[in-house]
*Asks:* 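Here it is, the structure, as structure tokens.
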Amino acid sequence: MAEEVSRRPYVREMGWRWIFRHPRYVRYMLREFSCLFIGGYTLIMVWGLKQLAEGPAAWQAFLEWLRSPASIVFHAVALGFALYHSITWFNLTPKAMPLQLGEDFVADGLISGAHFAGWAAVSLAVLYFAGAF
Amino acid sequence: MARSNKPLVWGPFAAGGTLTAFLTPALIVLTLLAALGHPPDALGYERLHALVHNSFFKFGLAGVIGLSLWSAAHRLRITAYDLGVRADALVAAVLYLAALGCTGAAIYHLLRI
């Protein structure tokens with residue numbers, strides 16, 4: 001009896017359509033897809049380093065490629081996904097590293113808020129030292 | 001006690017996720033400005049070459065690139081599983097090796113600068 005049952009074990013189909021079953025799943029997948037754009041952007045950085053190592057002409061070619069429509073579109077979309085990654089990541093920090101002082105836990109908003117403040121400071125510092133403004 | 005290689009995989013993922021959360025948007029803004037025709041001073045050849053020539057900067061860039069690629073590879077592995085790809089060992093091997101390979105390439109180019 002048991003053998004007969006196990007001859008045709010039930011394998012639940014698990015494709016990709018489930019992600020559209022609930023807005024929460026869609027948001028989860030958008031968060032996970034941010035890795036494509038962060039990874040892709042990092043690969044562009046690696047390519048930029050290669051061009052920088054090869055000299056001024058190669059670096060100039062890299063800067064010219066940056067100005068192509070494909071690059072502009074990629075940058076715009078990647079910036080959106082990177083921001084979404086940062087926001088979701090910092091919102092999770094109270095869960096990932098709850099902080100207890102004496103009897104009480106530090107409020108969730110304080111932990112994520114400190115991360116958001118740090119993010120703003122780091123971003124401003126990078127932009128300032130790179131001469132963006 | 002059962003041994004697990006999970007911390008080895010997950011540690012760099014968490015570190016890379018935190019690093020990219022703090023840093024990547026600002027970095028993208030820098031090259032986006034260049035893409036729009038207003039490159040910031042630091043992206044000029046002389047400035048950037050001198051900057052990256054510094055050993056601390058090289059070390060930092062290698063760390064940022066390595067951790068970013070590793071966390072992206074790990075997340076892509078989990079996402080592939082979520083989307084129904086069941087060949088997890090193969091997916092993991094390909095993605096982690098790609099992350100390590102590209103990090104190696106970055107280190108190679110950094111050492112040439």
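Naming: A, B, ... by sequence-line order, numbering from 1 per chain.
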*Asks:* Where does A/Phe129 contact chain B at under 4.5 Å (heavy atoms): side chain, backbone, both or neither?
*Replies:* backbone
*Asks:* More than 12 foreign heavy atoms under 6.0 Å from NE2 of A/His22: is that the case here?
*Replies:* yes
*Asks:* Might you work through the side chain to side chain contact (heavy atoms under 4.5 Å, CB included) test for B/Trp70 and B/Leu100, ending with a clear yes or no?
*Replies:* CA-CA 7 Å; B/Trp70 186 272; B/Leu100 291 175; 4.0 Å; yes
*Asks:* Counting heavy-atom pairs under 4.5 Å with chain A, which one of B/Pro25, B/Ala73, B/Gly84 comes out on top?
*Replies:* B/Pro25
*Asks:* Can you check side chain to side chain contact (heavy atoms under 4.5 Å, CB included) on B/Phe22 and A/His115, steps first, answer last?
*Replies:* CA-CA 9 Å; B/Phe22 275 112; A/His115 280 88; 4.0 Å; yes
*Asks:* Mind ranking A/Leu52, A/Thr93, A/Ile72 by heavy-atom pairs under 4.5 Å with chain B and telling me who comes out on top?
*Replies:* A/Leu52
*Asks:* Determine the option with the most heavy-atom pairs under 4.5 angstrom with chain A, choosing from B/Ile28, B/Leu110, B/Asp41, B/Val29.
*Replies:* B/Ile28
*Asks:* As an exercise: rank A/Trp119, A/Phe33, A/Tyr28, A/Phe133 by heavy-atom pairs under 4.5 Å with chain B and give me the winner.
*Replies:* A/Trp119
*Asks:* Highest number of heavy-atom pairs under 4.5 Å with chain B: which of A/Leu127, A/Leu63, A/Ile38, A/Leu79?
*Replies:* A/Leu79
*Asks:* Under a 4.5 Å cutoff for heavy-atom pairs, which residue among B/Ala26, B/Ala42, B/Ala35 has the most contacts with chain A?
*Replies:* B/Ala35
*Asks:* What part of A/Phe37 gets closer than 4.5 Å to chain B, counting heavy atoms only: side chain, backbone, both or neither?
*Replies:* neither
*Asks:* Given a strict heavy-atom distance threshold of 4.5 Å, which part of A/Leu36 is in contact with chain B: side chain, backbone, both, or neither?
*Replies:* side chain
*Asks:* Within the 4.5 Å heavy-atom criterion, are B/Ile78 and B/Arg75 side-chain neighbours or not?
*Replies:* no
*Asks:* If you tally heavy-atom pairs under 4.5 Å against chain B, which of A/Ala125, A/Gly55, A/Gly39, A/Pro56 wins?
*Replies:* A/Pro56
*Asks:* Could you have a look at B/Leu27, B/Leu33, B/Thr24 and say which one has the most heavy-atom pairs with chain A under 4.5 angstrom?
*Replies:* B/Leu27
*Asks:* Measuring heavy-atom distances to chain B, does A/Ile19 have an atom under 4.5 Å in its side chain, in its backbone, in both, or in neither?
*Replies:* side chain
*Asks:* Looking only at heavy atoms, which two atoms of A/Ala58 and A/Gln51 are closest? And how far apart?
*Replies:* O-NE2, 3.1 Å
*Asks:* Minimum heavy-atom separation for B/Arg77 to B/Leu95, with atom names?
*Replies:* N-CD1, 3.5 Å
*Asks:* Go through the side-chain N and O atoms of B/His74 and B/Tyr96 and say whether any donor and acceptor fall under 3.5 Å apart.
*Replies:* yes
*Asks:* Quick one: sort the A/Trp47 and A/Phe62 rings into parallel, tilted or perpendicular, breaks at 30° and 60°.
*Replies:* perpendicular
*Asks:* Which one, B/Val85, B/Val64, B/Leu43, B/Thr31, leads in non-hydrogen pairs under 4.5 Å with chain A?
*Replies:* B/Thr31
*Asks:* Pick whichever of A/Trp89, A/Phe90, A/Trp18, A/Trp59 has the most heavy-atom pairs under 4.5 Å with chain B.
*Replies:* A/Trp89
*Asks:* Does the side chain to side chain contact (heavy atoms under 4.5 Å, CB included) test come out yes or no for A/Lys50 and B/Tyr108, once each step is laid out?
*Replies:* CA-CA 9 Å; A/Lys50 173 185 167 290; B/Tyr108 168 72; over 6 Å; no
*Asks:* Which one wins on heavy-atom pair count under 4.5 Å against chain A: B/Val52, B/Leu23, B/Leu51, B/Leu69?
*Replies:* B/Leu69
*Asks:* Within a strict 4.5 Å, meaning less than it, do heavy atoms of the A/His75 and B/Leu36 side chains meet?
*Replies:* no
*Asks:* Does any backbone or side-chain atom of A/Arg17 lie under 4.5 Å from a heavy atom of chain B? Answer side chain, backbone, both or neither.
*Replies:* neither
*Asks:* In terms of heavy-atom proximity below 4.5 Å to chain A, should B/Phe13 be classed as side chain, backbone, both, or neither?
*Replies:* both
*Asks:* Walk me through it: do A/Phe74 and A/Tyr41 pass the test ring pair (Phe, Tyr, Trp, His ring centres under 6.0 Å)?
*Replies:* CA-CA 9 Å; A/Phe74 176 82; A/Tyr41 182 75; 7.1 Å; no
*Asks:* Under 4.5 Å heavy-atom distance to chain B, tell me which part of A/Ser34 shows up: side chain, backbone, both or neither.
*Replies:* side chain
*Asks:* Please look at B/Thr103 and chain A and tell me whether the side chain, the backbone, both or neither of the residue comes under 4.5 angstrom of a heavy atom of that chain.
*Replies:* neither
*Asks:* Determine whether A/Met29 and B/Leu83 satisfy the following criterion, side chain to side chain contact (heavy atoms under 4.5 Å, CB included), listing intermediate values before the conclusion.
*Replies:* CA-CA 9 Å; A/Met29 268 299 142; B/Leu83 292 178; 4.2 Å; yes
